[in-house]
Amino acid sequence: MCGIVGIVAKSNVNQELYDALTVLQHRGQDAAGIVTCDNGRLNQRKANGLVKDVFHTRHMQRLTGNIGVGHVRYPTAGSSSPALAQPFYVNSPYGISLAHNGNLTNSAELSKELFQSDLRHLNTDSDSEVLLNVFAHELQKLGKLAPSADDIFSAISGVHRRCQGGYAVIAMMSNYGIIGFRDPNGIRPIVYGVRETDQGPEYMLASESVALDVLGFKLVRDIAPGEAIYIDADGNLETRQCAEQHKATPCIFEHVYFARPDSIMDGISVYKSRLRQGEKLAAKVQSLRPDHDIDVVIPIPDSSRIAGQSMAYNLGVKFREGLVKNRYIGRTFIMPGQNQRKKSVRQKLNTIELEFKGKNVMLVDDSIVRGTTCKQIIEMARDAGAAKVYFASASPPVRYPNVYGIDMPSAKELIAHGRTVDEVCELIGADWLVYQDIDDLIASSAEGNPDVEGFDCAVFNGEYITGDVDEQYLADLDAQRNDASKAERLALEEADIIGLHNDGERED
């Protein structure tokens with residue numbers, strides 16, 4: 001999962017791209033990058049780290065230009081190499097910089113095609129670079145010295161024919177403008193907005209509407225599945241449906257965990273969807289245990305707070321903030337490596353003992369993935385004196401890996417994979433475990449926009465909507481994502497970095 005942004009304005013966009021990336025920081029903490037265009041000259045800064053650490057005054061001063069794209073990265077295969085920081089760039093044709101959120105499921109086949117048929121060279125194993133080169137090749141085939149909007153839309157149609165998976169893309173063509181497009185299933189999110197000025201309209205594209213809000217842009221709408229938008233350097237905007245077949249099936253895990261609650265996605269308020277998740281959890285608790293003995297509902301901050309408040313209200317019990325978060329620790333789900341995740345939980349959260357002591361506590365979280373975090377939090381609750389510790393998940397059991405841009409671990413590392421709810425309950429050490437029903441989760445989001453045709457719920461039901469994910473694909477994915485493989489890659493990357501420093505090179 002990553003955050004992407006693009007702006008076409010009447011003055012320098014460097015500061016606004018920076019501000020937008022800080023708003024989207026929750027979508028990726030591994031690396032950040034910005035590319036701007038100033039009279040045909042590209043200016044770039046990208047590196048590993050948080051936005052505030054990657055960009056310093058000297059970098060911002062040289063990121064001039066009124067067109068630009070930005071990216072915050074979270075690695076979907078566990079790799080943190082600086083070479084994988086985005087936006088990526090190709091000089092032919094036209095000079096294209098591209099930021100991508102998602103994952104291509106046919107990246108391996110496309111890589112071979114690009115080398116053997118398209119005669120294009122790839123520098124990394126990133127599917128984002130694959131997508132960039134497919135787009136560049138489709139443009140180059142047209143053989144135009146100066147591409148029109150029709151040419152750009154034609155090239156994007158070619159991308160849709162060749163690329164499979166989930167992707168939201170913002171690309172900048174030097175001296176021409178900004179392009180945004182979305183996969184035909186609409187799995188990954190992207191919106192656009194406008195801001196009126198005395199010099200004319202300015203436009204912004206981003207992963208989430210909250211980035212537009214903060215910078216004073218008015219949300220126009222989501223880019224539709226399969227649709228593309230082109231905004232030229234003068235601020236002229238055109239849109240076109242570029243996919244032969246398209247269907248709105250956005251990723252429901254955005255509503256569960258990833259998106260900020262103040263975002264609107266596909267016309268659905270993330271905040272209201274989480275309120276409804278809490279309502280439905282409360283109804284399930286009441287149906288299973290009408291005479292429940294829950295004294296207090298305590299959320300595991302931050303993404304479960306809204307569902308927890310709603311759940312407590314509908315159960316008629318107290319809602320209390322019994323866990324205090326250290327806001328300077330990154331999101332545990334995103335952290336690579338199980339050891340780092342284990343270490344971070346105690347650093348990240350601390351209990352307020354008086355909210356636990358002698359009480360029957362219902363802890364609420366957005367989901368349970370590996371089970372490591374919730375197990376430790378349950379232990380912390382008992383250490384704080386809780387009489388009983390119940391646990392509620394605002395989403396169903398996560399039993400399958402995600403293949404469209406979320407770094408879910410391999411299936412065997414998912415605590416619910418191949419296990420019953422009672423078995424998971426015993427493993428995490430809870431006195432009772434309640435999962436959201438998948439129909440209730442879908443209803444929580446669907447109520448916000450009846451026009452959305454469905455949702456990608458593959459992590460819960462194993463139904464991969466692109467239809468190209470088989471057992472061999474999942475086995476290959478497991479080899480990439482299991483913790484042992486990640487640890488091996490991390491060791492190699494650290495060795496490479498040490499080697500670079502020993503050779504007298506330095507990071508800018």
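For this chain, numbers begin at 1 and follow the sequence in order.
Atom CG of N39 sits in a sparse spot, with 12 or fewer heavy atoms from other residues, nucleotides or ligands closer than 6.0 Å. When the shell of 6.0 Å around OH of Y89 is examined, it contains more than 12 heavy atoms from other residues, nucleotides or ligands. The neighbour count for R41 CZ, taken as heavy atoms of other residues, nucleotides or ligands under 6.0 Å away, does not exceed 12. Residue-environment remark: NZ (K10) exceeds the threshold of 12 foreign heavy atoms within 6.0 Å.
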Exercise. For side chain to side chain contact (heavy atoms under 4.5 Å, CB included), just list the numbers for L132 and I96, CA-CA rounded to whole Å, side-chain angles, deciding distance to a tenth of an Å, and then say yes or no.
Key: CA-CA 8 Å; L132 168 59; I96 305 170; 3.7 Å; yes
Quiz item: Can you list the steps and then say if V169 with I179 is a side chain to side chain contact (heavy atoms under 4.5 Å, CB included)?
Solution: CA-CA 8 Å; V169 174; I179 302 115; over 6 Å; no
Practice problem: Please lay out, stage by stage, how D151 and S154 fare under the test side chain to side chain donor-acceptor pair (under 3.5 Å). | Solution: CA-CA 5 Å; D151 295 328; S154 176; over 6 Å; no
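Remark: side-chain polar atoms of H160 are not paired, donor with acceptor, to backbone N or O of E244 under 3.5 angstrom. For Y94 (side chain) and L139 (main-chain N/O), no donor-acceptor pair under 3.5 Å exists by modelled atom type. Side-chain atoms of K325 do not come within 3.5 Å of backbone N or O of N350 as any donor-acceptor pair. Distance alone, capped at 3.5 Å, is enough to place a donor-acceptor pair between the S304 side chain and the V364 backbone. Remark: the backbone N or O of Y257 is not paired with any side-chain donor or acceptor of D366 at under 3.5 angstrom. Q436 places a side-chain N or O within donor-acceptor distance of the main-chain N or O of Q277, the cut-off being under 3.5 Å. Put simply, the side chain of D183 never gets that close to the backbone of G166: no donor and acceptor are under 3.5 Å apart. With hydrogens and angles ignored, the 3.5 Å screen pairs no side-chain donor or acceptor of D232 with any backbone N or O of G177. Remark: the backbone N or O of L275 is paired with a side-chain donor or acceptor of S310 at under 3.5 angstrom. Formation of a donor-acceptor pair under 3.5 Å by the S367 side chain with backbone atoms of V369 is not found in this model.
Classification of the Y464-Y404 ring pair by plane angle, with boundaries at 30° and 60°, yields perpendicular. Note: F460 and F253 have tilted aromatic rings, judged against thresholds of 30 and 60 degrees for the angle between ring planes.
Between the side chains of S148 and D150, no donor-acceptor pair is found at a separation under 3.5 Å. Using modelled atom types, one finds no donor on one side chain facing an acceptor on the other under 3.5 Å when comparing H26 with Y74.
In this structure, K280 does not pair ionically with E447, as no charged nitrogen and carboxylate oxygen lie closer than 4.0 Å. Between R305 and E321 there is a salt bridge, since a side-chain N of the basic residue sits under 4.0 Å from a carboxylate O of the acidic one. Salt-bridge annotation for D213 and R260: absent, with no side-chain N of the basic residue lying under 4.0 Å from a carboxylate O of the acidic one. With respect to E138 and K141, a salt bridge is recorded, a charged nitrogen being found less than 4.0 Å from a carboxylate O.
Exactly one of Q140, E129, H137, E113 qualifies for a side chain to side chain donor-acceptor pair (under 3.5 Å) with R120. That residue is Q140. No option in T64, N43, N12, N66 other than T64 meets the side chain to side chain donor-acceptor pair (under 3.5 Å) test with D38.
In this structure, the side chains of F88 and S97 stay at 4.5 Å or more apart for every pair of heavy atoms. The closest side-chain heavy-atom distance from Q29 to V72 is not below 4.5 Å. Using a 4.5 Å heavy-atom cutoff, the side chains of C251 and R188 are in contact. Within the 4.5 Å cutoff, the side chain of F115 has no heavy atoms near those of the L122 side chain. Side chains of R73 and K46 form no contact here, defined as non-hydrogen atoms less than 4.5 Å apart. Taking the side chain as every heavy atom from C-beta outward, F181 and I223 never approach each other to under 4.5 Å. At a threshold of 4.5 Å between non-hydrogen side-chain atoms, the residues R27 and N101 count as touching. Between I442 and C457, some side-chain heavy-atom pair lies under the 4.5 Å cut-off.
Closest approach of Q86 and H100 over heavy atoms only: OE1-N, 2.9 Å. Across all their heavy atoms, E238 and A149 have their closest contact at OE2-CB, 3.4 Å. Smallest separation of non-hydrogen atoms from F319 and A312: CB-CB, 3.7 Å. The nearest pair of heavy atoms linking I170 to A206 is CD1-N, 4.2 Å. R274 and F258 get closest at one heavy-atom pair: NH2-N, 4.1 Å. Contact detail for P396 and I438: the closest heavy-atom pair is CG-CA, 3.6 Å.
Taken to the nearest 0.5 Å, the OG atom of S444 stands 7.5 Å off from the CD1 atom of I252. To the nearest 0.5 Å, atoms CD (Q44) and CZ (R62) are separated by 9.5 Å. One finds the CG atom of L21 at 11.5 Å from the CG atom of L50 (value rounded to the nearest 0.5 Å). Between I300 atom CD1 and D302 atom CG the span is 11.5 Å, to the nearest 0.5 Å. How far CD1 of I264 is from OH of Y271: 12.0 Å, rounded to the nearest 0.5 Å. To the nearest 0.5 Å, atom CE of residue M204 and atom CD1 of residue I231 are 11.0 Å apart.
Partners of D19 under the salt bridge (charged side-chain N to carboxylate O under 4.0 Å, His left out) rule, at least two apart in sequence or in another chain, do not exist in this structure.
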